[in-house]
Every structure is written in structure tokens, then in C-alpha cells.
Asks: 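To start, I am sharing the structure in question, which I have written as C-alpha cells.
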Amino acid sequence: MENAASLVSSLPLKPTPGTLRKLVVRLRALTLSLLPLEVSTESINSPTSRIITPQVIQTYIAAAGDLIDALPYCLLRARQDFVKQANSDAADYDENYGRAIACEVLARRIIHKAPSDKLVSVMSTRYKHRHSDGDIELSSALELAIDTHCTIFLSSSESQDVVNWLWKGEIVLEYHDDQIVPYNKELELSLFGHFDPVRISVPRYQNVFRIAIWLIFLVIYSQAVSSPLDPDKSALRTEFDEWEIALYILSLAFAIEEMHKNYKILRFATYRAFGFWNLVTFATDCLFITAFALRVAGIASAGDNGDRLRLLSFQVLSYAAPLICPLQQLLSVLGIGFLQGLFALDAADGFSQAPTEIVYVMVEALLGSPDFAKFRTTPAGMILYYLWNVATVVILLNVLISLFSSAYDDVVDDAEAEFLAYFAGKTIGMVRAPDVFVYPAPFNILETFLVAPFEPIMSPSAYAQYNKIILTAVLFVPLTIIAFLEVTVHRPQTWLNGLIGDGSLPFDEENDLPQTRDPEVDGEDRERGMMISKVPFTELVKQFPDTHESVETTILREIEELKKQIANLTGLLEKS
């Protein structure tokens, strides 16, 4: 079809924000005409919806004119506008929310029509959008869907294909023109050919490396907060020990990495990409900075004042325990974080009771009988114990009770889409802030002090070569493992192999070939007169129901046909 074929076309220039805004407004008007009244979201999102029909999809494609490639992006912008309107107008919330869902479903169905060789471009091309407050946001359809939590769009096979290609590094961000392109070394077979310092930026490898560093960080943190109990470290009152030095070096590396990422997101994307976990990370960094400053002040001071500052430093450091424990929504893991924090506070003065005593008072608080007298002598411990009681009450009242409510059923029913949306956000978050050479923490400290200062005085080619030398030197072992995995384990059946490598066709296109639908028997079986396609494929499918239409649409169409037949018969009777 002509409209579908236009999805293959590529515009030489990206539309301006003003042009895109006009298309968004037109799509909003079209959606208002499609849904003038409230309609349930289930009927809109149904695969056989009587509202989002193939005819409606073609209408929206035609409404985009020459901006076909930007149509999914503009539909998600229209969805964002309808959500804002729904939140600001409670009386018409259901109507506007239904229109927002319709825009998201249409974006998903239109993406489904895009050819496989055009999918990455349609999903990842970044457009400029001017908000009502004057801010300019640069984002793609995939990034916008993540920022606005479009689970319907992100759970589609097309979205997950692009996300998985990015996750595995089969497609990468081309930084000089900010476009996503295939990885040009995917077809190489040698280990040396895949030894590329840039591959450390692949989300899959970044994730494994960060997990390993984070586990090391947790061990170091546990040792650092319990160091006042070590009788062999009396010098701790006047200087840092090895665990504290490692802890604050890693904390500095994580803080630099977070600030660098936030700066890049603010510069190249929008502040709307920030979420709850950014606030948790910021609070954690503030606690480590405060603890470090108090520790330095304690070392610089003498006498009782130095001891007081040292004690306060370890108390502040202990408060970070509930924040750095992963998956802190789970009650058991949250309890581990608070247990470590309370034990560290108890140990900050160099004396501590048995850990079982801390466990007892925490369990008593969980069962509704907290023992506040246990921490009355330490205000910091009392505050953290208060937080533990508040956290357990909130979790018990809002999470555990919801296990027996309908809200929990809704979450379970949509768990797959929520997970896919989370995975997409995690992947895009690793590549969203453009950076040619990624130095994962703690090696980003080297970038800050030994690499970045030379960028203004070196040529781009020399600076790139310098980065490759540094990355190869400090990450030789991880890069060798990555190259080995890509040559062996991760080599077969990649996206690039499917399109370029062996010349094979994508799965859907192979199913549409005439020789696939009506295969002929060859060789000995043909000589014996055997046949598969005695009945042609077109005749076989005539007996199938039309699953593209709802039952109501099929009945209405049949009624229309009957009405025409009755009208013809009535006309013939009148003539006779």
C-alpha cells in the first residue's frame, strides 16, 4: 500500500518543533473526533478493538502527510497532552485518559507496520520539542515512551526488539550525529577484531560490571562502619584506615558518575527524565559527603571535640545503610539495611552489644511493641529506629495489605508490561547520555583527573587514541572477556546477521513467500506423486474468521449486507 510504503521513506531533514507541534495538534483533534465520549480502555486496547480498526490506523497514517517517520513520536506527544488534561480536569478524566490510551495504541499499531529495516530509525530518531514553558526537549519515540511510562507501547515486540539490540550492543549510538547505527564489527570472527574499548559502554556489560563493583562496595561499607569495634585500630581516631579510604574513593567515583550523567541528560535531553531513584542517589551522596567532611574535621581537631566529630561521622555514615541496600521495597532486604545501620550506630562509639539484641528490638517493633528505651541514649539511633517503625508500618499498611486487594490483582495482570517498561528504561538510561568513551566507576576518577583535562588541547583523533590506550590499560581483563564472549557465546543469530550476514529473510517476510505458502515436493517424493499443496493457501484461509475485527464489527457488517440484500429484493418485488 502507498501509505505503508511511505514508512520506508526517509526525510532529508528533521521537522522543526513548530511543524511537529502542528501535527500533534492535528492528531489531538482527530482523536477528539474519534472518541467524543467516554470509552473503556479495555475496548480501546483490545487486539480486535472496534475503535482502533485497520481503517482508523490508515486514517492516522494519511493525516501525517510527509511526516510519517515522526508519526509515532507525535502520537506519544498527543498522549502526553491528553494525560495532562486528564490530571487537570477531574470531571473529564476518564474521557481524556481514554484518548491518551488511544494515541498510545495507535502509535504501537503504526510501529508494527514499519518495515524491519526502518524500525530502528523510527524508534530512535530524536526530535526537538518546545514545551509551553519554553524548554526545548530532545527525545525519540522510545525515550518519550519511557519518560511518560507508556507500558502498552514499550511492551510491543518492536520496542523490545530495539531495546534488546541496544542491550546486546548489536546497535550503538553514533555520537557525532546522535543516531543509532549497527555495530560495524559484529561480523568479525577474530578475538582481536572484537577487542574494542568502546564495547564497555554496551548496557549488558555495563550492568555486569556495575553489579560486581557494587557488591565490592557493600563489603567495603560493611567493614568501614564496623571499624570502630576493632581494638587493633586505635589509630582510627587520628587517621583514615584502609576500609575508609576505599569507601570514600568509591563514593567519590559514584558521585562523579552520577553528576556526569545528570549533566549530560540535562544538556541533551530533559529534566523530565529524572525520577525517584535519582533522589535516592542524591540523598546517599549527600550522606557520604557529610560523613567525609565530619571525619576530616574530626581528624583536624584535637581532644573531645575530635572524638565527637568522629562519632558523628560514623553515625551519619550509618544512615546510608537503608539507602544503599538494593530492592529496598522488599521488607526483608529493607530490614537488613536498617539492621546494619542500627548496628553501625551502636558500634560508632567503639562499644557494641550483640547483633541479636538489635534483631530482637526490630522484630518487636515489627510486631507492634517497639522498645524505644533501647536507643534513648543515642539521638541518632533513636531517629533511625523511628524511621524503621515508620517504614514497617507504611509497608504493612500499603504493600502487604494490597496483596489481598484488587489493586494487587491489577499489578499482577500487568506485571509483564511493567517489567518490559522497566527493562527498557534501564537500557536506555545507560546510553541516553551520549559519551564516546565510558569509564565505569571507579575508573571514572582517572577520566576526571588524567583524561578530561587534555581534551581542549588535543585533536579529536589524538584524544580518541589517548582514551583507547587508557581504557585498554585499566580494563584489559574485562575487555578481553567481552571480546571472547562476542566471538563465541554471543555470536550466533544476531540482528545484524539476520539482515546482512547470511542473507536470510526476517521471520515474517519468509512466511509471506509464495513457495512457503504453497510448497512443492522435490526429489523422490515428487516422482512418487506426493503433494502438499493440493488445496491452495488462498482457499484454505477463506475458512478462517477475520481476527482483525471484533465480533460486533463482524455482526454489523453482516447486518449491512443483509440490509442491502433486503433492499434489492424489495426493489425487485415493487417492480414486479
Asks: Closest approach of A462 and M458, non-hydrogen atoms and distance?
Replies: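 The answer is O-CE, 3.5 Å.
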
Asks: Judged by atom type as modelled, is there a donor-acceptor pair below 3.5 Å linking the side chain of E143 to the main-chain atoms of S140?
Replies: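 A pair under 3.5 Å: yes.
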
Asks: Tell me whether the rings of F454 and Y466 are parallel (<30°), tilted (30 to 60°) or perpendicular (>60°).
Replies: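 If you compare the ring of F454 with that of Y466, the planes turn out perpendicular.
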
Asks: Given the rule in the salt bridge (charged side-chain N to carboxylate O under 4.0 Å, His left out) test, do K14 and D69 qualify, once you have shown the distances and angles that lead to the verdict?
Replies: CA-CA 10 Å; K14 295 179 183 178; D69 290 345; over 6 Å; no

Asks: Determine whether a donor-acceptor pair (N or O, by modelled atom type, separation under 3.5 Å) exists between the side chain of T125 and the backbone of S121.
Replies: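 Confirmed, T125 side chain pairs with S121 backbone.
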
Asks: Could you check whether Y221 and S251, counting side-chain N and O atoms only, form a donor-acceptor pair closer than 3.5 Å?
Replies: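 No donor-acceptor contact under 3.5 Å links the two side chains.
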
Asks: So, does Q206 use its side chain to make a donor-acceptor pair with the main chain of S201 at under 3.5 Å?
Replies: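 Yes; at least one donor-acceptor contact below 3.5 Å.
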
Asks: Give the minimum heavy-atom separation between L35 and A102, together with the two atoms involved.
Replies: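 The answer is CD1-CB, 3.6 Å.
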
Asks: Show, in sequence, the C-alpha distance, side-chain angles and deciding distance for R199 and E486, and conclude whether the salt bridge (charged side-chain N to carboxylate O under 4.0 Å, His left out) test is met.
Replies: CA-CA 10 Å; R199 296 302 283 171; E486 290 189 345; 2.6 Å; yes

Asks: Check for a donor-acceptor pair, side chain of K468 on one end and backbone N or O of P197 on the other, with a separation under 3.5 Å.
Replies: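 Here the side-chain-to-backbone pair does not exist.
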
Asks: Test V438 against M430 for side chain to side chain contact (heavy atoms under 4.5 Å, CB included), laying out the working first.
Replies: CA-CA 10 Å; V438 175; M430 295 183 183; over 6 Å; no

Asks: Rounded at 0.5 Å granularity, tell me how far CH2 in W165 sits from CE in M123.
Replies: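 So the gap between those two atoms works out to 9.5 Å.
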
Asks: Dump the intermediate steps for side chain to side chain contact (heavy atoms under 4.5 Å, CB included) on Y439 and I470, then the final yes or no.
Replies: CA-CA 10 Å; Y439 289 78; I470 298 296; 3.8 Å; yes

Asks: Spell out, as yes or no, whether a donor-acceptor pair under 3.5 Å connects the side chain of E158 to the backbone of I111.
Replies: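 Judged by distance alone, no pair lies under 3.5 Å.
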
Asks: Roughly how far, to the nearest 0.5 Å, is the CD1 atom of I249 from the CD1 atom of I220?
Replies: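 Rounded to the nearest 0.5 Å, the CD1-CD1 separation comes to 9.0 Å.
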
Asks: Between H149 and E418, is any side-chain donor less than 3.5 angstrom from a side-chain acceptor?
Replies: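 Looking only at side-chain atoms, E418 and H149 do form a donor-acceptor pair, the distance falling under 3.5 Å.
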
Asks: Parallel, tilted or perpendicular, judged at 30° and 60°: which one describes the rings of F443 and F209?
Replies: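 Answer is tilted, since the angle falls between 30° and 60°.
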
Asks: Ring centroids only, cut at 6.0 angstrom: are Y97 and Y93 within range, meaning strictly under it?
Replies: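 Ring-ring flag for Y97/Y93: true, centres closer than 6.0 Å.
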
Asks: Return the minimal non-hydrogen interatomic distance between C286 and T290, and the atom names on each side.
Replies: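 The pair with the smallest heavy-atom distance is O-OG1, 2.7 Å.
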
Asks: Go through the steps to decide whether T16 and T19 satisfy the test side-chain hydrogen bond (donor to acceptor under 3.5 Å, both in side chains), and finish with yes or no.
Replies: CA-CA 5 Å; T16 63; T19 301; 3.1 Å; yes

Asks: Just wondering, are more than 12 heavy atoms of other shown residues or ligands nearer than 6.0 Å to CZ in F423?
Replies: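 Counting neighbours around CZ of F423, more than 12 heavy atoms of other residues, nucleotides or ligands fall under 6.0 Å, so yes.
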
Asks: Do the non-hydrogen side-chain atoms of L252 and I445 ever get within less than 4.5 Å of each other?
Replies: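 Touching, per the 4.5 Å side-chain cut-off.
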
Asks: Does any part of the side chain of D161, heavy atoms only, come nearer than 4.5 Å to the side chain of V120, both counted from C-beta?
Replies: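 No, their side chains stay 4.5 Å or more apart.
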
Asks: Given 3.5 Å as the limit, does a donor-acceptor pair link the side chain of N164 with the main chain of Q160, or not?
Replies: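 Here the side-chain-to-backbone pair exists.
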
Asks: At what distance, to the nearest 0.5 angstrom, does CD1 of I216 lie from CD1 of I211?
Replies: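 The CD1 atom of I216 sits 12.5 Å away from the CD1 atom of I211.
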
Asks: Verify the ring-centre separation between Y463 and F437: is it less than 6.0 angstrom?
Replies: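 They do not qualify: ring centres at least 6.0 Å apart.
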
Asks: Are the side chains of L27 and C74 in contact, using a 4.5 Å heavy-atom criterion?
Replies: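 Yes, their side chains come closer than 4.5 Å.
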
Asks: Of all the heavy-atom pairs spanning T151 and E104, show the shortest one and how long it is.
Replies: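 Looks like N-OE2, 3.4 Å.
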
Asks: Drop me the distance from L250's CG to I213's CD1, to the nearest 0.5 angstrom.
Replies: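 Taking CG in L250 and CD1 in I213, the distance rounds to 7.0 Å.
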
Asks: Does atom CZ of R210 have more than 12 heavy-atom neighbours from other groups under 6.0 Å away?
Replies: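 More than 12 within 6.0 Å, yes.
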
Asks: Should the ring pair Y127 and Y73 be called parallel, tilted or perpendicular, given that the plane angle runs from 0 to 90° and is split at 30 and 60?
Replies: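 Rings of Y127 and Y73: tilted, 30 to 60°.
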
Asks: Could you please spell out the steps behind the side chain to side chain contact (heavy atoms under 4.5 Å, CB included) verdict for L75 and I110?
Replies: CA-CA 10 Å; L75 279 168; I110 291 171; 3.6 Å; yes

Asks: Given side chains that start at C-beta, do those of V56 and I51 come closer than 4.5 Å, heavy atoms only?
Replies: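 Not touching, per the 4.5 Å side-chain cut-off.
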
Asks: Do L154 and L420 come close enough that some side-chain heavy atom pair is under 4.5 Å?
Replies: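 L154 does not reach L420 side chain to side chain.
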
Asks: Just wondering, do Q80 and L144 contact through their side chains at under 4.5 Å, heavy atoms?
Replies: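 They are in contact (side-chain heavy atoms under 4.5 Å apart), so the answer is yes.
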
Asks: Can you check whether I152's main-chain N or O pairs, donor with acceptor, with S155's side chain at less than 3.5 Å?
Replies: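 A pair under 3.5 Å: yes.
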
Asks: So do the side chains of L247 and L317 get within less than 4.5 Å of each other, counting heavy atoms only?
Replies: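 Yes, side chains in contact.
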
Asks: So, taking the atom named CD1 in I44 and the one named CD1 in I101, what distance separates them when rounded to the nearest 0.5 Å?
Replies: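 That separation rounds to 7.5 Å.
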
Asks: Between F254 and F217, does the ring centre distance come in under 6.0 Å?
Replies: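 Yes, close enough.
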
Asks: Between T31 and Y60, is any pair of side-chain heavy atoms under 4.5 Å apart?
Replies: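 Counting from C-beta outward, T31 and Y60 do come under 4.5 Å.
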
Asks: Mind running side chain to side chain contact (heavy atoms under 4.5 Å, CB included) on H129 and L20 for me, showing each step along the way?
Replies: CA-CA 8 Å; H129 174 73; L20 288 173; over 6 Å; no

Asks: Is it the case that R99 and N96 place a side-chain donor and acceptor less than 3.5 Å from each other?
Replies: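 There is such a pair between these side chains.
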
Asks: Do you see a donor-acceptor pair shorter than 3.5 Å between the side chains of S159 and S156?
Replies: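 A donor-acceptor contact under 3.5 Å links the two side chains.
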
Asks: Does any N or O in the side chain of S88 come within less than 3.5 Å of the main-chain N or O of Q85, such that one atom is a donor and the other an acceptor?
Replies: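 Side chain of S88 to backbone of Q85, a donor-acceptor pair under 3.5 Å: yes, one is there.
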
Asks: Counting distance only, does the side-chain N/O of N87 pair as donor-acceptor with the main-chain N or O of V83 below 3.5 Å?
Replies: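 Yes; judged by distance alone, with no hydrogens or angles, the pair exists.
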
Asks: Quick one: does any side-chain atom of R77 pair with a main-chain N or O of V24 as donor and acceptor, under 3.5 Å?
Replies: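 Such a contact is absent between R77 side chain and V24 backbone.
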
Asks: As an exercise, state the distance from CZ of F476 to OG1 of T480, rounded to the nearest 0.5 Å.
Replies: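 If we round to the nearest 0.5 Å, F476:CZ and T480:OG1 are 4.0 Å apart.
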
